[in-house]
Amino acid sequence: MTDQAAEAEREFRLALALRKALVSQFPSDTQYQLGLAETLKWMGKLLNETGRSNEAEVTCREGAAILESLLTRSPNDRNLKYKLASSQF
């Protein structure tokens, strides 16, 4: 793994911790949930690009599960559908 990828992973892990804390503190705020799902998607992509496809799949699935949950509450939300489609591993 390059130094740049290692730094990106550290930053993503920090962002994930912060976003998970926000979702935990404000569980009804969909914007925090969306932010967490997006961060999980990008972390998954980084993990895949650095050869950790199993970890990447788990991470992407976690983000997709959040989006699926949001879609059950807003089934006609095209933005959520797009985000879910783009989060697939």
Side-chain angles (χ1 to χ4, degrees):
M1 179 182 330
T2 67
D3 288 342
Q4 188 176 15
E7 177 64 21
E9 183 175 346
R10 280 191 297 278
E11 294 298 324
F12 274 127
R13 292 201 185 278
L14 176 60
L16 284 170
L18 293 170
R19 290 191 183 274
K20 285 180 179 183
L22 286 169
V23 168
S24 178
Q25 190 171 359
F26 305 99
S28 63
D29 190 317
T30 59
Q31 291 305 307
Y32 289 144
Q33 293 176 40
L34 282 171
L36 176 56
E38 283 289 303
T39 304
L40 287 162
K41 174 183 80 171
W42 290 110
M43 178 68 172
K45 290 183 183 299
L46 174 67
L47 292 168
N48 190 52
E49 289 174 7
T50 56
R52 294 179 285 170
S53 59
N54 290 339
E55 192 177 349
E57 183 177 358
V58 169
T59 302
C60 287
R61 286 182 189 267
E62 185 180 348
I66 293 168
L67 294 170
E68 288 169 355
S69 174
L70 291 172
L71 265 171
T72 62
R73 291 182 259 162
S74 301
N76 296 320
D77 188 322
R78 293 170 76 188
N79 185 45
L80 284 174
K81 289 178 182 181
Y82 172 79
K83 287 182 180 298
L84 179 60
S86 70
S87 73
Q88 300 304 308
F89 181 73

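Predicted, not measured: the structure shown is a model, and the values here were computed from it.
Partners of Lys45 according to the salt bridge (charged side-chain N to carboxylate O under 4.0 Å, His left out) rule, which considers only residues two or more places apart in sequence or in another chain, do not exist here. Residues meeting the side-chain contact (heavy atoms from CB on, under 4.5 Å) test with Gln31, sequence neighbours left out: Asp29, Leu34. Phe26 is linked by a ring-ring contact (aromatic ring centres under 6.0 Å, His included) to Tyr32, counting only residues two or more places apart in sequence or in another chain. Under the salt bridge (charged side-chain N to carboxylate O under 4.0 Å, His left out) criterion, Glu62 pairs with Lys20, not counting sequence neighbours. Taking Glu9 as the reference, Arg13, Arg52 meet the salt bridge (charged side-chain N to carboxylate O under 4.0 Å, His left out) condition, with sequence neighbours excluded. For Glu49, the salt bridge (charged side-chain N to carboxylate O under 4.0 Å, His left out) criterion is met by no residue, not counting sequence neighbours. The side-chain contact (heavy atoms from CB on, under 4.5 Å) test applied to Ser24 returns no partner, not counting sequence neighbours. Considering only residues two or more places apart in sequence or on other chains, Asn76 meets the side-chain contact (heavy atoms from CB on, under 4.5 Å) condition with none of them. With sequence neighbours left out, the side-chain hydrogen bond (donor to acceptor under 3.5 Å, both in side chains) criterion links Thr39 to Arg19.
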N/O donor-acceptor pairs under 3.5 Å from side chains in residues 63-74, not counting sequence neighbours:
residue, atom, partner, partner atom, Å
Thr72, OG1, Ser69, O, 2.6
Arg73, NH2, Gln33, OE1, 3.3

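Scanning all heavy atoms of the two residues, the minimum distance from Asp77 to Leu80 falls at OD1-N, 3.0 Å. Considering every non-hydrogen atom in both Lys81 and Pro75, the closest pair reads CE-O, 3.0 Å. Taking every heavy atom of both residues into account, Thr59 and Gly44 meet most closely at CG2-N, 3.8 Å.
Heavy atoms of other residues, nucleotides or ligands lying less than 6.0 angstrom from CG of Asp3 number 12 at most.
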